[in-house]
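Notes follow once the structure below has been shown.
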Amino acid sequence: MSRPRSGPTVALRLLAADLRSRREAAGITMEAAATALGVHEMTLSRLENAKTAPRTATVGHLLRLYGTPEPEAEAVLAALHEALQPGWWHPYRDILPAHLEGAIDLESAASLIRTYAPGLVPELLQTPAYARELLTQRHPRAGEDEIERRLQLLRERQQHTLHREDSPVRLWALIEETVLARPVGSRATMREQLEHLDQHTVHRGTVTVQVIPAAAGAHPLLLGGPADVLRYTQCALDDRLVVRGLHAEAATLTDDLDAVRTYQAAMDITATLALPPTTRITAP
């Protein structure tokens, strides 16, 4: 019936939602569909909630059961084939904690990412030298080869998110002023990083950078750590919240509506206290 998930979770979620909507449109209950397949109702429920990746034969059987026209069925099966392919990050799974694998997949498919950076430049906006310094701090026992692989992973994350050919993500970053004053690496490293951020204040594209001045005082986001809110154009995908900690396993990824809305509201309030996105970021 199914096999362990190896493809992008976003693709599987969209496929699962599509199959569920086709079943409902056909007026077929989950129990009836499961009986027709010869499986337990819970098995079909797991499929429709993207808990397992279905086999091609299973999807084909369901599409025929739901009366799906041949051209549409072919498109769904093509989407299934795509969903079952390993994600672009697959070669890095040995250095990816489980939660980050899911977060990268969701990040790569988002249409909008709102991020709050209280202590460091957000990863998607880090320059190689700045990122290398932080990776060395986070993984003090790692050799040069491992650090280089982690750096390459970050470069590919940036490429598949900010620079993807099909509708690159819109990134809205709220950065505390202290981040710009905190030395990371050499003076040249910091100058390069600040100049990189400044480019987004001059050449306004898909990235918006707002600096929160210390004079703004307390704001809601100060009560938490680094956080991302991810939004999608597909109605089948709910907004996601990613909250990061010092240790990789301390990070959380959730689609809990209350949690997402709390952070969205906090970001809205904090954005009103931040400097306009056209404010230049100058290197010392």
List for me each residue that meets salt bridge (charged side-chain N to carboxylate O under 4.0 Å, His left out) alongside E148, sequence neighbours excluded, and say none if there are none. R132, R155

Could you list the residues that satisfy side-chain contact (heavy atoms from CB on, under 4.5 Å) with A181, not counting sequence neighbours? none

Can you run down the salt bridge (Lys or Arg N to Asp or Glu O under 4.0 Å) pairs that involve residues 216-241, sequence neighbours left out, and say none if there aren't any? D228-R244, R231-D239

Within residues 120-131 or reaching into it, pairs that qualify as side chain to side chain donor-acceptor pair (under 3.5 Å) - sequence neighbours excluded: E123-R157, T127-Q193

Mind checking salt bridge (charged side-chain N to carboxylate O under 4.0 Å, His left out) for D258 and listing every partner two or more places apart, or none if nothing turns up? none

List the residues meeting side chain to side chain donor-acceptor pair (under 3.5 Å) with T68, not counting sequence neighbours, and say none if there are none. none

Checking H219 now: which residues fulfil side-chain contact (heavy atoms from CB on, under 4.5 Å) with it, not counting sequence neighbours? Y116, E176, I212, L221, L222, T270, L273

What one should report as the nearest heavy-atom pair of T56 and L80 is CA-CD2, 3.6 Å

Which ILVMFWY residues can you reach from I147 by hopping between side chains whose heavy atoms are under 4.5 Å apart? L135, L151

Within the structure provided, determine whether V59 and L77 are in side-chain contact (heavy-atom separation under 4.5 Å). yes

Contacts of E146 that satisfy salt bridge (charged side-chain N to carboxylate O under 4.0 Å, His left out) - sequence neighbours left out: R150

A32: which residues meet the side-chain contact (heavy atoms from CB on, under 4.5 Å) condition with it, sequence neighbours left out? I28, T29

The criterion is side chain to side chain donor-acceptor pair (under 3.5 Å); which residues satisfy it with Y232, sequence neighbours excluded? none

Pair R149 + D145, salt bridge at N-O below 4.0 Å: no

Holding to side-chain contact (heavy atoms from CB on, under 4.5 Å), I want the full list of residues that pass it with R280, two or more places apart in sequence or in another chain. D198, T201, V202

